[in-house]
Amino acid sequence: MQKNDNNSLFSDLYFIFSSAFILMLLQTLLRAILLWRNNDLSAAIPNHDLIQAFITGLRFDLIVTVYVLLPLIISLLFKKGLNNRKAYTLWLTFVSSVMIFLAIVELDFYHEFHTRLNSLVFEYMKEDPATVLSMIWYGFPVVTYLIIIGLLITALFFIFTLNSRINQTKSTDKTRYSLRMAAFFVVLLISVVAARGTLRQGPPLRWGDAFQSHYLFANHLGLNGVYTLAKAVIGTKKGDNKWLKKMPIAEADNTVEQMVLTPSDTLLDPDYSPVLRTYHAGTGESKKPLNVVFILMESFSGEYVGALGHDEGITPEFDKLAKQGLLFNRFFSNGTHTHQGMFASLACFPNLPHYEYLMQQPEGSNHFSGLIQMTADRDYQSMYVYNGDFAWDNQKGFFGAQGMQRFIGRHDFVNPVFSDPTWGVSDQDMFDRAAEELQKMPNDKPFFAFLQTLSNHTPYALPTPLPVAKVTGHGELNEHLTAMRYADWALGQFFKKVAKSDYFDNTLFVLVGDHGFSTPNQVTDIDMLKFHVPLLVIGPNVVKNYGHSNSTVGAQVDIAPTVAGLLGGDTTYSCWGRDLLNIHDAGFAVIKPSGSDPTTAIIDDNKVLVKSTDNSASLYQYQLLPIASASEIHDTADTEKLDHRLDAYIESATSTLLQGKAGVKTPNKGVALNDQSSE
């Protein structure tokens, strides 16, 4: 009898631990597949860093494995133990199927965004399903991936089934319960230790523990996609913003005032906002009110712009335009998603942790300062021309609430040259329509026009025949760079048309990339090249007064103040940037990736501090030319200074957002203009 009892318990324990071993092997295999898919990122990484990534990955895999096995572990308490092996086999197969599905999704997700699965997944799921499905279908090898998923799931089912039959016994009902209880507590203790992922005292294994290499991909490889996705879900539900309360809010606001305000600014109400001020810009660049045409270029990475020192032949038209204007060569996007580029540039508000999707969040009901408010205060007409659907990212809802008057989107184009089934009409259609609409603008008032391109986006559906040569020699980036070259061509055609217009000589043209894109050269722990974009300003007297090139560090929140300076006069706003043409330091930029990636950074001159929510921070000295690179430096004073400025900037900006004070005040109520609570 005792022998049967022990055999029954042994069978259950064998099933639990062997299942754990299979799950660990599966996750290691999936990590190897991720490494293979992104082999262009791993080519320069030393083998010992990759090995360390796999070892670290085992610890994250173990955490996931413990949670998957909880039903089996709890079943040890049942009198019959794990006798119903079919049910457990189905459970293990189901969970493994989810793991496999997410891992296959992550192959191209990581290749596109250079981050493990995070809240960005949910943001795409919340958008228009037809557009998302179309993007996936046309942009990725869906059928191939489904076949691979099916084969892996089938193989796992047979493996778990075979494993469940080994050492199985029918006599579990005779097992002494005290022995089974003791075994349960031993397994539970092992599971608790394994679920922590570490034997150290204090906090369990965290995101930052994966960052042991100087190579970003090696650090990301050590993470687990299921783990990071689950963390995104939990973090969203908890609403725990660890960036807040790093210091007293008065101290944060005071630091921000020192960072943002210039001698030309008059702070209006420091108790309301540390950045609500009137900017006294002087005479400006023209006696007449200047029109403003702002062009946001999709995925226009500075790493492939010839005028920024990269002679790849991708942007010949932009390079010609750069000779007519002022080019900022150390300029960065605030985020890595289009909508972050939109609200940072137009609403003059930074991309913050927990509020990366501001245009779709309740906090986005603030009436922000920026280009729309500035030009509206000067009685400008306003227009937004876009290839796609304004429902995406809540563009019409957000910018309509900010005061944008007219919208022209994909459904307003008749007989376009090319229409992509996923996103909309081509860049040349958008620019052609924009040129027509600008020509028809009434000349009794100046105008502000926002033009946004879209063709340089997965699935890169372009007209046939292409008006440009396809890019070769860049491997998997060939298709992306071909789309970028096409967008550049369409931009050139637009300027050839508008250069003949009667408004051209009295118009300020501002061109900027919404964000960059992933390249094999990741530079630092935050993948700086995904943020490096060109900012080009063309207009009356701009080159005469400021030259052709500017090396001040800036970000998209600096665009509106810089435009305000060029327009001249007094402007009241709550912008979180500065006029880059009217400062006397090297400039700074606060940047953050999209999704729930906790990494944030501040760029200050030739240094960048990269920080995560666990307070781990790394300081680098970087260069963008001739080849972008960075080296970690150990300067305690600079690290502490930049760390303090980054914390203060995030905490102060978040505080004004949550209090509805992100914009200017109403004359009578002292709350944000157009705030939903006051309507």
Practice problem: Determine the sole option in Val610, Leu609, Ile633 for which the side chain to side chain contact (heavy atoms under 4.5 Å, CB included) test with Tyr620 is passed. | Solution: Val610
Quiz prompt | Of Val608, Thr639, Thr524, the residue whose pairing with Leu619 passes side chain to side chain contact (heavy atoms under 4.5 Å, CB included) | solution = Thr639
Other residues, nucleotides, ligands: >12 heavy atoms within 6.0 Å of [X] [atom1]:
X	atom1	answer
Phe157	CZ	no
Asn47	CG	no
Phe101	CZ	no

Do side-chain atoms of [X] reach the backbone of [Y] as a donor and acceptor pair under 3.5 angstrom?
X	Y	answer
Asn521	Ala628	yes
Thr336	Ser594	yes
Trp423	Tyr460	no
Glu651	Lys246	yes
Glu298	His515	no
Gln360	Tyr357	no
Asp49	Ser213	no

Quiz item: If we only count heavy atoms from C-beta on, is the Tyr622 to Ser631 side-chain gap below 4.5 Å?
Solution: no
Quiz item: Is the closest side-chain heavy-atom distance between Trp36 and Ser42 below 4.5 Å?
Solution: no
Quiz item: When you look at Asp527 and Val523, which way does the side chain to side chain contact (heavy atoms under 4.5 Å, CB included) test go after all the steps?
Solution: CA-CA 6 Å; Asp527 198 358; Val523 186; 5.9 Å; no
Practice problem: Considering only NZ, NE, NH1 and NH2 on the basic side and carboxylate oxygens on the acidic side, decide whether Arg37 and Glu476 come within less than 4.0 Å. | Solution: yes
Quiz item: Is Asp525 paired with Lys611 through a side-chain N to carboxylate O contact shorter than 4.0 Å?
Solution: no
Quiz item: With sequence neighbours left out, which residue pairs that include part of residues 37-73 fulfil the ring-ring contact (aromatic ring centres under 6.0 Å, His included) condition?
Solution: Phe60-Tyr227
Self-check item: Any residue meeting salt bridge (Lys or Arg N to Asp or Glu O under 4.0 Å) with Asp638, in chain and number order, not counting sequence neighbours
Solution: Lys607
Practice problem: Write out all pairs satisfying salt bridge (Lys or Arg N to Asp or Glu O under 4.0 Å) with one or both partners inside residues 90-106, taking only residues at least two apart or from two chains. | Solution: Glu106-Arg116
Practice problem: Taking the six-membered ring for Trp and the full ring for Phe, Tyr or His, determine whether the centres of Tyr110 and Phe217 are under 6.0 Å apart. | Solution: yes
Quiz item: Leu9 and Arg180: side chain to side chain contact (heavy atoms under 4.5 Å, CB included), yes or no, with the steps?
Solution: CA-CA 7 Å; Leu9 182 57; Arg180 183 168 291 281; 4.1 Å; yes
Practice problem: Start with the C-alpha distance between Arg176 and Ser8, add both sets of side-chain angles, then the distance that settles side chain to side chain donor-acceptor pair (under 3.5 Å), and finish with yes or no. | Solution: CA-CA 10 Å; Arg176 285 188 302 170; Ser8 301; over 6 Å; no
Quiz item: Could you state the interatomic distance from CD1 (Ile159) to OG (Ser96), rounded to the nearest 0.5 Å?
Solution: 9.5 Å
